[in-house]
Chemist: 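Sending over a structure as structure tokens; questions will come in a sec.
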Amino acid sequence: SVRKGLQLAIKTFQAREASGERLALIGRVGSDLSKHNLRYSHMAMVWRDHPKGRWGVVHMLNKCATATSALYDEGLGNFFNDDPFAYEALLLFPSSVYQERVIETLGTTLPAGMYHPGYSMVAYPWSTRYQNSNQWLLEVLAGALAPEGSVLNRSQAQSWLKQSGYQPTLLHLGPLQRLGGRLFRANIAFDDHPFELRSSNRIYTVTVDSIADFVRRLDPGARTEVLRL
């Protein structure tokens, strides 16, 4: 597992070097989400940190299935050594103008300001009660891509995302699935979702697929590459 993780990290590093780009959004297959018609479970930002001369991966992670999370700035080797379901990576390269705006934002306090420690794997996209890992990344992107100074907190980020046409992923989860998740998983909560949606088994959340779709619509110059072992 460690060997394969490092092999995929090396392959990703080589692809990043060959691309000539400074930043990409990177998705991994941490778990099997095929029953929800999803491939990638987790997304991060990988960027060239010129002062340190390395590629850094910035992302938010749930702490061992607890109800809290933390922000990480680490190398590609660590990113893929997390017992993934499949050794595959999605690289989404925004156009150069968007890359520079995100990189500039990563050097400010905004990413930390968008972070909320209360974690739910299925956090509702239009609530600030919880946050999942992909939601943090999406809200940071909102802060970077919105008009300067217009998005400084999570509520403003969510308003801008709505106005800009972001569409979260719809999951169909019945009452038994929701009850089981809430009773036996500390990192799953549904009380931030509107009752009328829950009662009709509709759970909306931020996923890698929904972020990728949004970025490609917002930035027609974005391109995608898939790496596999």
Chemist: Please, which pairs that meet salt bridge (charged side-chain N to carboxylate O under 4.0 Å, His left out) have at least one residue in residues 163-173, sequence neighbours excluded?
Modeler: none
Chemist: Test: salt bridge (charged side-chain N to carboxylate O under 4.0 Å, His left out). Region: residues 105-114. Which pairs qualify, not counting sequence neighbours?
Modeler: none
Chemist: Only pairs at least two apart or in different chains count here, so list each salt bridge (charged side-chain N to carboxylate O under 4.0 Å, His left out) that has a residue in residues 106-115.
Modeler: none
Chemist: Under 4.5 Å side-chain heavy-atom separation, chaining through any Ile, Leu, Val, Met, Phe, Trp or Tyr, what else clusters with L61? Say none if it is isolated.
Modeler: Y72
Chemist: Can you sort out the partners of D213 under salt bridge (Lys or Arg N to Asp or Glu O under 4.0 Å), two or more places apart, ordered by chain and number?
Modeler: R216
Chemist: With sequence neighbours excluded, give me every salt bridge (charged side-chain N to carboxylate O under 4.0 Å, His left out) pair touching residues 115-141.
Modeler: R129-D191, E139-R154
Chemist: With no hydrogens and no angle check, just 3.5 Å: does a side-chain donor-acceptor pair link N132 and T205?
Modeler: yes
Chemist: Check whether S41 reaches the backbone of V29 with its side chain - one donor and one acceptor, N or O, closer than 3.5 Å.
Modeler: no
Chemist: Examine distances only and state if a side-chain atom of N134 and a backbone atom of M43 form a donor-acceptor pair shorter than 3.5 Å.
Modeler: yes
Chemist: Within the distance-only criterion (no hydrogens, no angle test), does the side chain of D192 pair as donor or acceptor with the backbone N or O of S127 below 3.5 angstrom?
Modeler: no
Chemist: Is a side-chain donor or acceptor of E17 paired with a backbone partner of F13 at a separation under 3.5 angstrom?
Modeler: no
Chemist: Are a donor atom and an acceptor atom from the side chains of S34 and D32 found within less than 3.5 Å of each other?
Modeler: yes
Chemist: For R228, what residues pass the side-chain contact (heavy atoms from CB on, under 4.5 Å) criterion, not counting sequence neighbours?
Modeler: E88, V226
Chemist: Any ring pair (Phe, Tyr, Trp, His ring centres under 6.0 Å) involving residues 201-229? Give me the pairs, sequence neighbours left out, ordered by first then second residue.
Modeler: Y166-F214
Chemist: Pairs under 3.5 angstrom only: tabulate donor-acceptor contacts from the side chains of residues 97-104 to other protein residues two or more places apart or in another chain.
Modeler:
from, atom 1, to, atom 2, distance (Å)
Y98, OH, L218, O, 3.4
Q99, OE1, R22, N, 3.0
Q99, OE1, L23, N, 3.0
Q99, NE2, E21, OE1, 2.8
Q99, NE2, P94, O, 2.8
E100, OE1, R22, NH1, 2.9
E100, OE2, R22, NH1, 3.2
R101, NH2, L145, O, 2.4

Chemist: Listed by chain and number, what are the side-chain contact (heavy atoms from CB on, under 4.5 Å) partners of P220, not counting sequence neighbours?
Modeler: none
Chemist: Could you pull out all residues at least two apart from K162 that satisfy side-chain contact (heavy atoms from CB on, under 4.5 Å)?
Modeler: W126
Chemist: Got a sec, which residues hit side chain to side chain donor-acceptor pair (under 3.5 Å) with H59, two or more places apart in sequence or on another chain?
Modeler: H42, E74
Chemist: If you measure only the distance, is there a donor-acceptor pair under 3.5 Å linking the side chains of S69 and N62?
Modeler: no
